[in-house]
Amino acid sequence: MAQRTVLFVLFDGMQSLDITGPLEVFAGAEQHTPGTYRIRTASLDGAPVRTSSGLTVVPDETLAQADAPHTLVVPGGQGTRRPDARLTDWLREHGPRAERLVSVCTGAIRLAEAGLLDGRRVTTHWAYSDKLARDHPAVEVDPDPIYVRDGQVSTSAGVTSGIDLALALVEEDLGRDAALTIARHLVVFLRRPGNQAQFSAQLAAQTAQREPLREVQQWITEQPAEDLSVESLAARARLSPRHFARAFQTETGMTPGRYVDRVRLEHARRLLEDTSDGIEEISRASGYGTPEGMRRAFVKALGTAPSEYRRRFHPTPAH
């Protein structure tokens with residue numbers, strides 16, 4: 001197998017974990033299968049860079065000295081708010097030459113500024129997805145997944161999702177066993193599917209202002225297997241169904257049905273990830289009633305069946 005050069009682009013104000021997370025994955029892969037990866041870091045002038053958290057990172061070389069990489073990784077961070085025209089020019093020229101072009105978090109903004117994402121489906125940190133879509137209308141921005149792969153371009157969401165994407169790339173290169181070994185060493189799961197949502201139902205929705213509605217939100221979270229129809233929830237909030245549905249959507253930003261769907265999906269995911277309970281038991285505990293009901297919900301929301309989700313994301317104990 002030919003050795004692949006993985007080049008990490010460094011700049012002031014980058015998010016340190018955007019670099020160190022994926023770098024540790026590729027370094028672990030090189031230790032697992034020596035000769036697989038040649039890992040390099042480079043900044044514009046070869047000078048040390050200071051991350052957004054204050055960590056100083058010393059690059060191996062200047063970008064001008066760097067060989068054409070197989071995989072080019074661009075991090076995000078506060079530094080993306082102050083684009084350097086020289087870095088944009090370098091990416092515009094050298095990005096298309098990489099066999100794999102990868103961004104972590106708001107690194108996608110860097111790639112978009114260089115015109116490398118036009119016509120691509122991408123993701124970025126949920127807090128910046130609207131900005132990316134607004135500033136670059138030729139880019140198809142999906143704010144939900146933790147990473148998206150579109151041809152040679154792979155983009156990931158905030159911070160730790162760069163680890164998930166790097167594990168997926170290593171699995172593509174070396175196989176599942178190698179990626180699983182690295183994930184165990186890093187004490188992370190192998191692996192969150194790319195289409196897993198970036199954040200939970202509770203984070204996706206606003207918290208209702210009125211106490212009865214907040215109590216209903218909490219009830220839904222704690223009792224996903226109960227009757228969570230609008231009529232039942234409205235009675236708990238001591239409102240008419242019509243008034244409840246309108247008020248809930250106004251204060252949380254989503255309908256009661258959508259909120260219930262998200263909570264049940266999240267609850268089922270957690271049970272699949274963290275327990276050995278059977279699919280039928282999980283479907284009842286999560287409010288789906290039957291395995292088929294849960295399967296339909298998973299396929300619709302995540303594009304995968306519960307059994308496949310568990311295979312990908314349920315940790316295998318290390319021996």
Side-chain angles (χ1 to χ4, degrees), residues 123-131 133 141-146 157-161 164 189 192-275 277 279-306 309-310 313-314:
T123 194
T124 187
H125 191 290
W126 60 268
Y128 295 92
S129 59
D130 286 346
K131 173 178 172 55
V141 181
D142 188 341
D144 289 332
I146 60 171
V159 196
T160 58
S161 62
D164 297 287
F189 292 122
R192 292 188 290 176
N195 55 7
Q196 182 172 329
Q198 289 191 35
F199 43 72
S200 69
Q202 286 73 29
L203 288 177
Q206 304 169 44
T207 300
Q209 296 180 0
R210 282 181 278 181
E211 186 173 345
L213 297 180
R214 287 201 305 271
E215 291 177 353
V216 167
Q217 279 185 286
Q218 187 64 28
W219 167 258
I220 294 170
T221 302
E222 294 175 350
Q223 306 292 337
E226 294 294 325
D227 175 9
L228 300 181
S229 64
V230 168
E231 291 75 17
S232 175
L233 297 176
R236 180 167 290 275
R238 298 177 294 281
L239 298 170
S240 72
R242 180 177 295 182
H243 185 190
F244 168 78
R246 185 168 57 248
F248 190 95
Q249 182 166 5
T250 298
E251 296 199 16
T252 68
M254 64 177 66
T255 66
R258 182 166 175 77
Y259 187 80
V260 168
D261 287 345
R262 290 199 175 196
V263 167
R264 283 177 167 162
L265 183 70
E266 183 177 335
H267 187 263
R269 279 176 31 220
R270 294 290 177 256
L271 293 178
L272 289 168
E273 295 165 9
D274 299 336
T275 76
D277 295 347
I279 297 295
E280 185 170 352
E281 182 179 356
I282 291 174
S283 68
R284 289 197 304 269
S286 303
Y288 292 113
T290 66
E292 178 57 25
M294 186 168 75
R295 190 193 71 80
R296 287 197 300 268
F298 267 66
V299 170
K300 179 180 178 181
L302 302 176
T304 189
Y309 183 91
R310 167 168 274 174
F313 199 34
H314 184 69

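Here the structure is a predicted model, which means the values were calculated and not measured. Every heavy atom of this structure was used, including side-chain atoms; hydrogens, water molecules and symmetry mates were not.
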Measure the [atom1]-[atom2] distance between [X] and [Y] for me, rounded to the nearest 0.5 Å.
| X | Y | atom1 | atom2 | result |
| --- | --- | --- | --- | --- |
| H243 | R238 | NE2 | CZ | 13.0 Å |
| L272 | R270 | CG | CZ | 10.5 Å |
| Q217 | L233 | CD | CG | 11.0 Å |
| L271 | I282 | CG | CD1 | 5.0 Å |

For [X], check side-chain contact (heavy atoms from CB on, under 4.5 Å) against everything at least two apart and list the hits.
| X | value |
| --- | --- |
| A133 | V141 |
| E226 | W219, Q223, L228 |
| R242 | S240, R246 |

Could you pull out all residues at least two apart from [X] that satisfy side-chain hydrogen bond (donor to acceptor under 3.5 Å, both in side chains)?
| X | value |
| --- | --- |
| E211 | none |
| Q249 | none |
| S286 | H267 |
| S229 | D227 |

Closest approach of [X] to [Y] (non-hydrogen atoms, all atoms of both residues):
| X | Y | result |
| --- | --- | --- |
| P291 | S283 | N-OG, 3.5 Å |
| A301 | L265 | CB-CD2, 3.5 Å |
| S129 | P143 | OG-CB, 3.3 Å |
| A285 | A225 | O-CB, 3.5 Å |
| P241 | A234 | CA-CB, 3.6 Å |

Without swapping roles, check the side chain of T123 against the backbone of D142 for a donor-acceptor pair under 3.5 Å.
yes
Which of Q218, R236, E251 passes side-chain contact (heavy atoms from CB on, under 4.5 Å) with L213? It is E251
For F248, what residues pass the ring pair (Phe, Tyr, Trp, His ring centres under 6.0 Å) criterion, not counting sequence neighbours?
F244, Y259
Sequence neighbours excluded, which residues qualify as salt bridge (charged side-chain N to carboxylate O under 4.0 Å, His left out) partners of [X]?
| X | result |
| --- | --- |
| E280 | R284 |
| E292 | R295, R296 |
| R258 | none |

Could you name each residue pair satisfying ring pair (Phe, Tyr, Trp, His ring centres under 6.0 Å) that touches residues 279-306, not counting sequence neighbours?
F298-Y309
Show the numbers, then the answer: is there a side-chain contact (heavy atoms from CB on, under 4.5 Å) between V216 and R210?
CA-CA 10 Å; V216 167; R210 282 181 278 181; over 6 Å; no
T255 vs V230 side-chain heavy atoms within contact, under 4.5 Å
no
